[in-house]
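A short write-up of the structure that comes next.
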Amino acid sequence: MPEMIKNVPNLSGLQPDLTAHDPYRVLGVVHTASQVEIKRAYFALIRQYPPETDGDKFKIVRGAYEKIKSADRRAETDIFLPQAPPAWQPPKVAVTLDTAFQVDDILMLLRQWGDLGRTDFREDFKEIAW
Amino acid sequence: MSKRGSSSARIEREKYKLAHLGGAALTELGRTAFKKANYNEAIQLWEQANEKGKVPPTLPNALAEAYFRRAVSGASTNLEDMQKAVQFNPNELRYQYHLALAYHRDSNLTKAEAIYRQLLAKSPPYKRAALLLAQLLVEQRKPLSKDAVWNYLSSTEQVQLSVVEDLLKGKLSLLQPHFANQAVPPLWRGLVALVLGDEATAQQYLQMVVASPNSSPKPFYGLAHYYLGVLAAKANQMEQVQKHFESARQAGLNTPYLSRNIANLAYLQALKEKEANRPEKAAELLNKIESSEAVSEEVFKLQCYLNWHLGYVAAQKQDWKRALTYWQKADSQIAKSRPLMLNLALAYQNVEQYRKSAEHWRELLRHRPRSATHPEAMTDEQVARIWQHVADNYTKVEDYEEAIKTYKNAVKWSPENVDLRFKLIEAYQMEGHWQAAENELNRILEKNPDNIRALTLLGEICGDDYYYSNRAKDIWLRILKLEPLNPIARQQLAYFYAQRAMSAAEWGNPKKALEIYEEGLGHLPDSSQLCVGMGMVKLDFKELDQAREYFARALAQDPDNLSTLFVLYMTWLTHKSAPDVDEIFERIKAITKPIPSGFFIDLIDRCFDIKETARVQEIGKLVEEQYASDNKVLVELASRYLDLNLSDQALVLLRHVLKNDPDHIEANMHIGTLYYKTGQTRLGKQHWQKAETKARKEGDHVLLYELKILKDRLIYGKEPSGNPLDMLKDMPPEVLELFLRDAPPEVKQLIKMYGLEGFISMLGKMGGSMDFDD
């Protein structure tokens, strides 16, 4: 479970998750966040976790920020981050079960009837008269 | 001759014999095959007989029957075989009927109809064709009751086919009378009721069909289940829907409507699970769907979304194996997607399937948008980074050729990236492309002549080749000018001078050696390696005081340097200077950090070589103190004592080890030898047996072999052969394999070319005196 952190401006609706491997999730920003938003989230977190009192958490926050602190770093980081799927959109026409009677089924049955559907014709074999 | 060779020769002989048999003999062989229902062989033999002539007049009929039987023996009638059957026996109506049936199944209805009609026109008519012709006419929606075939049908057939005709027409007014007709079978009545909208009656008749599964063909039974599922769907009884659809599928019903409905049902259930925040369950439902064209795109979209999402969640938890499984499924459900390709590349990399990962990164690069204005366009740096990633993956599977190609691509996209060039250089080095590596290093140095890393690599490349070692020296000196304390340059430069000086000394030119050491010490006055070397040369010149001075300088630089202490110990020992040896030994004893046991064992071996038994005992005592609880070291020391005939000391040590570990293999082997040699043969054999049992249990073939040699020598007086060929021949295969694993590459190549037997025989021809070191 992500650790809930208080007093951090929730710009994206996400909460920082210091256990995540994705630096954006560590800082609690979306992947499309601006550099200003990233910086703001970072400063809020290091105020929460100063290096003097919360060294380990500060290191995590700092490490995440280092990966996305500039456009160049982000470009480098982004290409090696797992990508979430595009949001799923419900279909415009709802998927339902087809309850219609299918005429093709009658044709299919017709093809299975009698010799047409039979596979064993050994009864039709005849001995050869030499 | 091998088994394979003899069997192929036998086949050839059989072929030759058959080719020379006459028609009658071939006919007879064909009859035997026919009786065994081997129609392929019968046809082949009779066709050959037919070509030769002088065959019984009934052979064409026999061939026709064989072709017919083969035609109808498969899952579907073989049209070509049926045509052959009719060709050989055109008067046999059975064959014509089956030919028409084959055309009918093949949907060649015109030809089928023509033959059915011919058969009915025969005198007497071949009535069996009537039902098939009627089915064919209904399928073509031709009015059945107006056709002559109507009169050949039974009344039951007439009733059933009329229902089918009217169901196909779909006119409710036509269907109504069938509904009341008791002669109409339950399935048809159920379907008529369904079309007429009387769902309760439809349900009743369809239930009658499924209640007696053996009374109607499987597809009829399956269809009844399908429409019961449809009725349940109308009543929103989803569990019943699922039950009936599954039964329909189990009965072999395979219509697109069933496939689509099964998929849509799973979709609706999955949607509920997704809404209830149970994506795993939702994905599980959808992943059971068999992929088919009938399944709607929306189902695949949700399936892909869920698998992708679950893979993403797993990846966030670093569960890459799980992530890979989900993403592989998602990948099979949608057209090529770049973000998914990236995910797969990452997952493969994290589960250490590096080649697959490299392939996916490459695929991602192939599909990247090329226009710079595209929102997902990659920068040159990003392209270079991914190419580098591809190459890194190839490096991990040691495919340096591919790594070189792909690092080159990376360099092309990021020519200023020096780290990338170094990776390329490393790959060149791994493939032995020294010139290419050197060229690449020179390119770096052209831009930055003071790049220490490039200079270091260039120095290493030049230093590996004796003829370029002077160039290497210049490079090391240049590095030291830039960075006087560079440890690699200092070490390599010292090594260069030491090698040159030792070579001069070996060639009998100590003066030259002296000059070289002086030059080296001019550059590296505090190099302990050069001070030791210089001291040794001074010893050769009998300048003992100066030698001592240099040795002291070496020790002052690095008092705990084991290789310096080793050399000095042995040097003073060979020069018989006991006080100096003692002093060095005291220094060794004074070292507080742990000393590897190999240092002492090597020292003991060297003392043993020059017969300094007292020194062996002195060092041995120190080892016993320092490694009192290390059985492996103590046994090794005991074996040295045994070599020096210090049996009592060896015995104490071996007993100590066996007290701690009574099954210790080597300890039992050595103590067994000791007892055997001192006449306690029974006790000796007991310890050998213990060693052998444990070695066999652990699969230690080398020790078993050593024990065998030992016993052969001591019990049977059989000395091992000094001839390498005999030695190789005597070795058990497991030991031989281990032995050859350490062989030089040339020997391994010879074994690869000639096989082990060939290699040993080659050794034999060479007099069995091939030395691996040569």
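The sequence lines fix the lettering, A, B, ..., with proteins before strands; numbering per chain opens at 1.
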| B:R69 side chain vs A:R122 backbone, donor-acceptor pair below 3.5 Å | no

[X] versus chain A, the contacting section by heavy-atom distance below 4.5 Å:
X: B:L265; value: both
X: B:R94; value: side chain
X: B:A62; value: both
X: B:L271; value: side chain
X: B:L168; value: both
X: B:R368; value: neither
X: B:V164; value: both
X: B:S337; value: neither
X: B:L253; value: side chain
X: B:Y305; value: both
X: B:L187; value: side chain
X: B:V313; value: neither
X: B:F220; value: both
X: B:K274; value: side chain

Hey, which of [options] has the most heavy atom pairs under 4.5 Å with chain A?
options: B:V230, B:V72, B:T379, B:L302; result: B:L302
options: B:L268, B:L131, B:L231, B:V241; result: B:L268
options: B:W327, B:F68, B:W188; result: B:F68

Near B:E297 CD, under 6.0 Å, is it more than 12 heavy atoms from other residues, nucleotides or ligands?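 Open.
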
Quiz item: Crowded around A:K59 NZ? As in, over 12 foreign heavy atoms under 6.0 Å?
Solution: no

A:D115 and B:R105 have their tightest heavy-atom pair at O-NH2, 3.1 Å

Notebook entry, point to check: What are the two closest heavy atoms between B:L194 and A:F101, and how far apart are they?
Noted result: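 B:L194 and A:F101 have their closest heavy atoms at CD2-CD1, 3.9 Å.
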
Counting heavy-atom pairs closer than 4.5 Å to chain B, which one of [options] comes out on top?
options: A:R111, A:Q112, A:E127; result: A:R111
options: A:D104, A:D78, A:D72; result: A:D104
options: A:L107, A:D120, A:D105; result: A:D105

Notebook entry, point to check: Given the rule in the side-chain contact (heavy atoms from CB on, under 4.5 Å) test, do A:L109 and B:L191 qualify, once you have shown the distances and angles that lead to the verdict?
Noted result: CA-CA 12 Å; A:L109 283 187; B:L191 293 179; 4.3 Å; yes

Beyond-backbone contact of [X] with [Y], side-chain heavy atoms, under 4.5 angstrom:
X: B:V138; Y: A:W113; value: no
X: A:I79; Y: B:W361; value: no
X: A:D124; Y: B:R128; value: yes

Under 3.5 Å donor-acceptor pairs involving side-chain atoms of residues 80-100 of chain A, not counting sequence neighbours:
from, atom 1, to, atom 2, distance (Å)
A:Q83, NE2, A:L81, O, 2.9
A:D98, OD1, A:A100, N, 3.1
A:D98, OD2, A:Q102, NE2, 3.2

Nearest-0.5 Å distance that lies between atom [atom1] in [X] and atom [atom2] in [Y]:
X: B:Q316; Y: A:D22; atom1: CD; atom2: CG; value: 5.5 Å
X: B:D166; Y: A:I106; atom1: CG; atom2: CD1; value: 11.0 Å
X: A:K126; Y: B:E65; atom1: NZ; atom2: CD; value: 8.5 Å

Note to self: For a side-chain contact (heavy atoms from CB on, under 4.5 Å) check, start with the C-alpha distance between A:V103 and B:L167, then their side-chain angles and the critical distance, and finish with the verdict.
What the structure shows: CA-CA 7 Å; A:V103 171; B:L167 274 170; over 6 Å; no

- Query: Sequence neighbours excluded, which residues qualify as side-chain contact (heavy atoms from CB on, under 4.5 Å) partners of A:A64?
  - Reply: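 Here the qualifying residues are A:P23, A:V26, A:L27.
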
